[in-house]
Structures are given as C-alpha cells and as structure tokens.
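What you are looking at is a predicted structure, and each value in this text was computed from that prediction instead of being measured.
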Amino acid sequence: MAVREILEYPHPALREVAKPVTQVDDEIRRLVDDMAETMYDAPGVGLAAPQIGVGLRVFVIDIASEDEPSELYTFINPEIVATSGTQTWEEGCLSFPGVSEEIKRAEHVTVRALDRDGEPFELEAEGLLAVALQHENDHLNGVLMIDKLNALKKRMMGRKLAKKQRAEDAEA
Ligand code: GNR
Ligand code: NI
C-alpha cells in the first residue's frame, strides 16, 4: 500500500470523466488500498480515483469520527439510482485544501455499486454519508465543489484560491 499524491484544483485530470472499471481484479484492489491509505493519511472522509490521477470510476468513503471504529466503504462503478429531499452541509475537498463552503445537495440517496470483491450492493444513505456519496460521485464526472456554488461564492472562492496561490508562489 502507498500514500499517493492528491491533485489540486485546477489540475486538468480533475475535470475528466472517469471510465468504468471492466474487471475488479488485484490491480483494482491495489488501487482501492492505496486510495484508502491516502484518504486516512490526508485525512479526509472520502477520496475519488481522479484525485490521484486515475481516471476510473472508483471511490472510497469513511465517515467515522476519530473516536469511532473506522468503517471503509468501497464503490466501484457507482450509480446514484434515487435521491430525495435537500440538505446543506459545509463541505471541504482535499483538492481544494484550506477552503470550505456550504453546498446544497439531496438529503437521501440510494447508490448501487460493486464492492472490493466485485460484488454488487445497494446502499441507502442520509446525512454526511449521503453528502460524501454525492461529492465523490461528482469527482467521477469531473464536477468539483466550486461548480456547486452561486456566482458570488464562486468569485469569492476564486479570489481566495488565487491569493493562496500567490502566497505559495512567493514562498517558492
Ligand atoms: O474530506 C472531505 N470532507 C468532506 C466534508 C464535507 C463534505 C464532503 C467532504 S469530501 C472531502 C474529501 C474529498 O475531497 N473527497 O473528494
Ligand atoms: Ni473532493
């Protein structure tokens, strides 16, 4: 297992539409293991393969807090098959370090996917798990949290990111 580098906005790989996995084999399981290790190292509640430069429809999620036992979910070729309600959550993204914004999404989602063994499963989620599922599923379609903001918040985030970039450039 290995911690992989997490790509940051505006890396072009984050904008690509990821391709379905054709076979859940040892290579895919190695990818899943690396993604889990990278997510826990960050730490984050989820990680999608495009964030480490792999254009495949795979993500991992673990929303357990520090004082709870970890509960890793693996989603391969996921499909959100039903949504209902709305909720607003203060979201962060490992590809936008240091920024967070309130984003409105569905309250309940039903997802179908393959697990680490290639077995199909269906999961109904609400709360943070539902938010994370929608956030990670967006990554597979090249959709990022900045796309979910209204025009004003988008401008504010753009300015914040530009300022941060200038500070980093000055350091280098
Ligand atoms: O670590 C993460 N936290 C988070 C908080 C609220 C809503 C979504 C997320 S996902 C994010 C990790 C990440 O960037 N996944 O793509
Ligand atoms: Ni993200």
Side-chain angles (χ1 to χ4, degrees), residues 3-19 35-36 38-66 68 71-73 75 77-113 123-172:
V3 172
R4 309 268 208 109
E5 186 195 345
I6 297 174
L7 305 180
E8 293 179 11
Y9 179 85
H11 195 292
L14 296 171
R15 287 304 192 182
E16 281 168 25
V17 177
K19 294 191 169 61
M35 287 172 60
T38 305
M39 173 182 71
Y40 289 126
D41 177 73
V45 302
L47 187 75
Q51 291 181 280
I52 58 166
V54 175
L56 290 174
R57 304 190 78 79
V58 178
F59 59 74
V60 292
I61 291 180
D62 188 340
I63 58 156
S65 53
E66 268 176 48
E68 291 171 338
E71 194 172 354
L72 180 69
Y73 290 97
F75 299 85
N77 299 346
E79 273 182 84
I80 293 179
V81 295
T83 63
S84 65
T86 57
Q87 61 176 333
T88 302
W89 208 282
E90 177 96 19
E91 293 193 24
C93 180
L94 295 171
S95 298
F96 293 82
V99 303
S100 64
E101 281 293 347
E102 286 195 340
I103 293 172
K104 195 163 125 187
R105 296 193 189 266
E107 183 181 16
H108 296 269
V109 307
T110 305
V111 64
R112 277 189 207 139
L123 180 75
E124 281 179 38
E126 58 180 27
L128 176 58
L129 185 56
V131 170
L133 277 166
Q134 294 169 85
H135 178 115
E136 303 313 337
N137 195 61
D138 276 353
H139 274 302
L140 303 186
N141 295 325
V143 174
L144 301 171
M145 59 182 276
I146 195 167
D147 306 328
K148 300 280 167 181
L149 304 177
N150 66 34
L152 174 65
K153 280 192 175 176
K154 202 175 288 187
R155 267 203 311 281
M156 290 193 317
M157 185 178 277
R159 278 210 301 268
K160 200 164 166 182
L161 291 168
K163 189 174 165 186
K164 202 163 151 276
Q165 190 60 55
R166 282 197 303 275
E168 282 167 15
D169 290 348
E171 250 173 58

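With 3.5 Å as the limit, one finds no donor-acceptor pair spanning the side chains of Gln134 and Asp138. Under 3.5 Å, the side chains of His108 and Glu124 contain no donor-acceptor pair of N or O atoms.
Formation of a donor-acceptor pair under 3.5 Å by the Asp62 side chain with backbone atoms of Ala64 is found in this model. At least one donor-acceptor pair under 3.5 Å links the side chain of Gln87 to the backbone N or O of Gly127. One N or O on the side chain of Arg57 and one on the backbone of Leu140 form a donor-acceptor pair closer than 3.5 Å. In this structure a side-chain-to-backbone donor-acceptor pair under 3.5 Å is present from Gln51 to Ala48.
With sequence neighbours left out, Arg4 forms a salt bridge (Lys or Arg N to Asp or Glu O under 4.0 Å) with Asp34.
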Please report the C-alpha distance between Glu91 and Arg105 in whole Å, then the side-chain angles of each, then the deciding distance to 0.1 Å, and finally whether the salt bridge (Lys or Arg N to Asp or Glu O under 4.0 Å) criterion is met. CA-CA 11 Å; Glu91 293 193 24; Arg105 296 193 189 266; 2.6 Å; yes
Applying salt bridge (Lys or Arg N to Asp or Glu O under 4.0 Å) to Asp147 and Arg15, what does each step give before you reach the verdict? CA-CA 11 Å; Asp147 306 328; Arg15 287 304 192 182; 2.7 Å; yes
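When the options Leu133, Val109, Thr110 are evaluated for a side-chain contact (heavy atoms from CB on, under 4.5 Å) with Thr83, the one that passes is Val109.
By the 6.0 Å contact criterion, CD on Glu68 is enclosed, its count of non-hydrogen atoms from other residues, nucleotides or ligands being greater than 12. Shown here is Lys154, whose NZ atom has more than 12 heavy atoms of other residues, nucleotides or ligands within 6.0 Å.
Note: Tyr9 and Phe96 have parallel aromatic rings, judged against thresholds of 30 and 60 degrees for the angle between ring planes.
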